[in-house]
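All remarks here apply to the structure that follows.
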Amino acid sequence: MTTPEQWSGQPLPRGRHKLSRNEVLSSQRCRLLRAMEGLVGEYGYESTTVPLVIKAARISTATFYRFFADKVDCFIALCEERGERLLEALTPDEEEQRTFTAHERLDRGVEAYLRWWQDNPAMARAYFVELPAAGPR
């Protein structure tokens with residue numbers, strides 16, 4: 001699990017660099033979502049605050065609010081993005097479609113689904129335990 005003190009992601013270099021604006025924005029957003037995932041996974045949704053996320057992601061308050069309206073918005077974005085990754089992992093490619101029967105693909109899909117949650121324990125807690133705390137939105 002990731003805490004602000006354990007954050008291993010590196011912020012972008014200060015000053016002039018050759019990164020495009022899109023690369024900078026992508027890095028910032030990725031770090032925010034990763035920080036939210038780690039903090040909610042370790043401390044729970046209620047105890048995770050925007051200042052903690054900002055500190056863990058090593059970005060400014062203004063940058064956080066450039067991407068997200070509030071904590072709920074960031075948490076929902078995290079769940080949506082990770083959900084898309086899970087769906088990609090579960091979608092059989094053309095080779096699997098040709099090679100395996102529907103029953104075999106189902107077995108493989110269930111195995112991949114369970115393995116994905118096992119490999120992502122912070123997200124598993126965030127999604128299965130903490131998502132209701134974010135409220136109806």
Side-chain angles (χ1 to χ4, degrees):
M1 307 271 169
T2 305
T3 64
E5 296 76 27
Q6 296 170 325
W7 180 257
S8 60
Q10 294 298 315
L12 296 173
R14 292 185 182 261
R16 293 180 181 250
H17 51 70
K18 296 186 181 210
L19 299 173
S20 72
R21 177 87 172 128
N22 286 342
E23 288 173 309
V24 171
L25 294 174
S26 177
S27 172
Q28 291 170 334
R29 188 173 191 281
C30 179
R31 293 192 333 259
L32 284 166
L33 294 179
R34 182 175 169 199
M36 177 64 78
E37 179 179 356
L39 291 166
V40 170
E42 185 160 347
Y43 300 116
Y45 178 79
E46 291 297 326
S47 297
T48 298
T49 63
V50 171
L52 283 175
V53 173
I54 289 167
K55 181 178 178 184
R58 295 182 178 181
I59 54 98
S60 70
T61 302
T63 299
F64 177 90
Y65 288 107
R66 185 177 304 134
F67 289 104
F68 306 109
D70 53 22
K71 178 173 89 166
V72 175
D73 193 31
C74 182
F75 186 58
I76 290 171
L78 167 68
C79 291
E80 288 175 349
E81 182 177 292
R82 297 307 191 259
E84 289 172 10
R85 285 188 190 176
L86 174 57
L87 184 58
E88 287 174 13
L90 297 177
T91 304
D93 60 21
E94 289 181 27
E95 179 70 22
E96 289 175 303
Q97 293 272 359
R98 285 191 306 272
T99 306
F100 299 102
T101 67
H103 187 264
E104 290 170 327
R105 287 194 312 269
L106 177 62
D107 286 345
R108 291 169 59 87
V110 169
E111 183 180 320
Y113 176 80
L114 295 173
R115 188 177 335 103
W116 192 91
W117 289 113
Q118 185 178 16
D119 292 344
N120 296 280
M123 192 61 217
R125 177 181 177 192
Y127 186 80
F128 290 113
V129 177
E130 301 296 336
L131 187 58
R137 194 168 72 178

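Atoms considered below: every heavy atom in the structure, side chains included; atoms not considered: hydrogens, waters and symmetry mates.
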Contacts of Ser60 that satisfy side chain to side chain contact (heavy atoms under 4.5 Å, CB included) - sequence neighbours left out: Ala62, Thr63
Sidechain-backbone polar pair: Arg125 side chain, Glu42 backbone, donor-acceptor under 3.5 Å: yes
Whether Tyr113 and Trp117 hold their rings parallel, tilted or perpendicular, with breakpoints at 30° and 60°: perpendicular
Minimum-distance pair of heavy atoms, taken over all atoms of Pro121 and Gln118: CD-O, 3.6 Å
Donor-acceptor under 3.5 Å (Thr99 side chain, Glu95 main chain): yes
Rounded distance [0.5 Å steps], CD1 in Ile76 versus CG in Leu131: 7.5 Å
Any donor-acceptor N/O pair, Glu96 side chain to Asp93 backbone, under 3.5 Å: yes
Arg85/Glu81 under salt bridge (charged side-chain N to carboxylate O under 4.0 Å, His left out): CA gap, chis, key distance, verdict: CA-CA 6 Å; Arg85 285 188 190 176; Glu81 182 177 292; 3.4 Å; yes
Closest heavy-atom pair and its distance - Pro92, Gln97: CG-NE2, 3.5 Å
Arg29 side chain to Phe67 backbone, donor-acceptor under 3.5 Å: no
Separation of Ser27 OG from Ile59 CD1 (nearest 0.5 Å): 10.5 Å
Axial cation check for Tyr127 ring with Arg82, 6.0 Å and 45° limits: no
Nearest-0.5 Å distance, CG of residue Leu90 to CZ of residue Arg115: 10.0 Å
Residue pair Phe68 / Leu33, side-chain heavy-atom distance below 4.5 Å: yes
Listed once per pair and sorted, the side chain to side chain donor-acceptor pair (under 3.5 Å) pairs that draw on residues 65-78, sequence neighbours left out: Asp70-Arg137
Atom pair CZ/OG of Arg31 and Ser26 - distance to nearest 0.5 Å: 10.0 Å
Heavy-atom donor-acceptor pair, Thr91 side chain to Leu87 backbone, under 3.5 Å: yes
Hydrophobic cluster identity match, Phe128 and Leu39, side-chain contacts under 4.5 Å: yes
Path from Trp116 to Val129 over hydrophobic side-chain contacts below 4.5 Å: no
Met123 CE to Leu86 CG distance, which is reported to the nearest 0.5 Å: 9.5 Å
Between CG on residue Leu32 and CE on residue Met36, distance to nearest 0.5 Å: 8.5 Å
